[in-house]
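Please read the structure below before turning to the comments.
If you're wondering where the values come from, they're calculated on a predicted model, not measured in any experiment. In listed order, ligands and their atoms are each counted from 1.
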Amino acid sequence: MENRKKLNIGASILNADYLNLGKEIEKAGNAGADFIHLDVMDGNFVPEITFGQMMIKSIKKHAAIPVHAHLMIQNTDEQLKSFIETGADLIIIHAESCRHLYSCLKLIKDNNIKAGLALNPATPVSFIENVIEIIDFLLIMTVEPGFGGQKFIESMVQKIKKAADILEEYNLKTRKRFSFDIAVDGGINEATIKKATDAGANSVIIGTAFYNSNDPSKTVSGLKEAAQKTIKQAL
Ligand code: DX5
Ligand code: ZN
């Protein structure tokens with residue numbers, strides 16, 4: 001059985017115009033993005049600092065589409081609770097910065113928030129094996145986290161396939177139908193999206209491709225079209 005889901009596109013505001021953030025957030029919804037992706041960086045797990053809990057709260061108040069928080073922070077275990085309180089619809093934590101991964105994912109779920117797991121390019125996809133039953137979202141980093149505008153790492157295509165296979169095998173073994181979104185983050189454009197969706201991704205994050213575009217609606221519809229042939233419709 002395959003992980004059959006419809007394609008969702010998330011707009012990452014990392015490279016948006018921060019002085020006009022309200023408009024930039026609106027732009028994402030108006031252009032047909034399915035969710036907003038907020039890159040929280042602490043200057044420790046990754047070199048730069050972006051924004052934190054208060055910004056997520058404000059954005060959540062005004063956003064017309066779901067808000068996802070991608071936590072690129074060193075002290076996930078210590079800070080998670082305060083991010084749960086922001087009202088984000090989905091919280092993504094990194095396997096590399098979380099000491100008690102199972103408990104942290106469980107804490108997110110226990111608060112009725114969707115739980116996402118992010119894996120850096122060099123982190124084995126086998127990390128998901130023991131948390132399949134609790135994650136809603138797997139974020140496969142297709143660039144090293146920290147910056148927008150980087151080049152898609154081609155070898156991540158195999159990792160996406162592996163994730164889809166692991167899920168399928170798990171469901172066969174347990175005779176259950178667990179499911180999570182397989183998302184990719186980094187270097188997505190019209191040339192790379194198809195590689196990701198062909199491999200089994202059903203969710204993509206776009207940063208510079210969206211916020212540097214002169215016609216964001218066209219960018220979103222163009223990407224959806226480029227991926228269309230490979231995405232299986234929802235069951
Ligand atoms: C990188 C961030 C991404 C980033 C993607 O650390 O996690 O979400 O905004 O930007 P692009 O699409 O430009 O690679
Ligand atoms: Zn991100």
- Message: Taking salt bridge (charged side-chain N to carboxylate O under 4.0 Å, His left out) as the cut-off, I'd like each qualifying pair that reaches into residues 147-158, sequence neighbours left out, listed once.
- Response: E154-K195
Closest approach of any protein heavy atom to [atom], naming residue and atom:
atom	answer
atom 10 (O) of ligand 1	G148 CA, 3.6 Å
atom 2 (C) of ligand 1	D39 OD1, 3.4 Å
atom 14 (O) of ligand 1	G187 N, 2.8 Å
atom 9 (O) of ligand 1	S12 OG, 2.7 Å
atom 7 (O) of ligand 1	D185 OD2, 2.8 Å

Between [X] and ligand 1, does any nitrogen or oxygen pair lie at a separation below 3.5 Å?
X	result
I206	no
G207	yes
E144	no
G146	yes

- Item | Cut-off under 2.8 Å, centre the Zn ion (ligand 2), protein N/O/S atoms | H37 NE2, D39 OD1, H70 ND1, D185 OD2
- Message: Using a 4.0 Å cutoff against the non-hydrogen atoms of T208, which atoms of ligand 1 qualify?
- Response: 11 (P), 12 (O), 13 (O)
- Note on the structure: A student checking ligand 1 against M141 at a 4.0 Å heavy-atom cut-off should list atoms 7 (O)
- Query: Heavy-atom distance under 4.5 Å between the side chains of M41 and L14, does that happen here?
  - Reply: yes
- Item | Flag side-chain contact, heavy atom, 4.5 Å: F152 against N189 | no
- Message: The test is salt bridge (charged side-chain N to carboxylate O under 4.0 Å, His left out); show your working for D89 and K60 and say whether it passes.
- Response: CA-CA 9 Å; D89 300 283; K60 177 60 194 162; 2.9 Å; yes
- Which part of F147 is near ligand 1, with near meaning a heavy atom under 4.0 Å away: side chain, backbone, both or neither? backbone
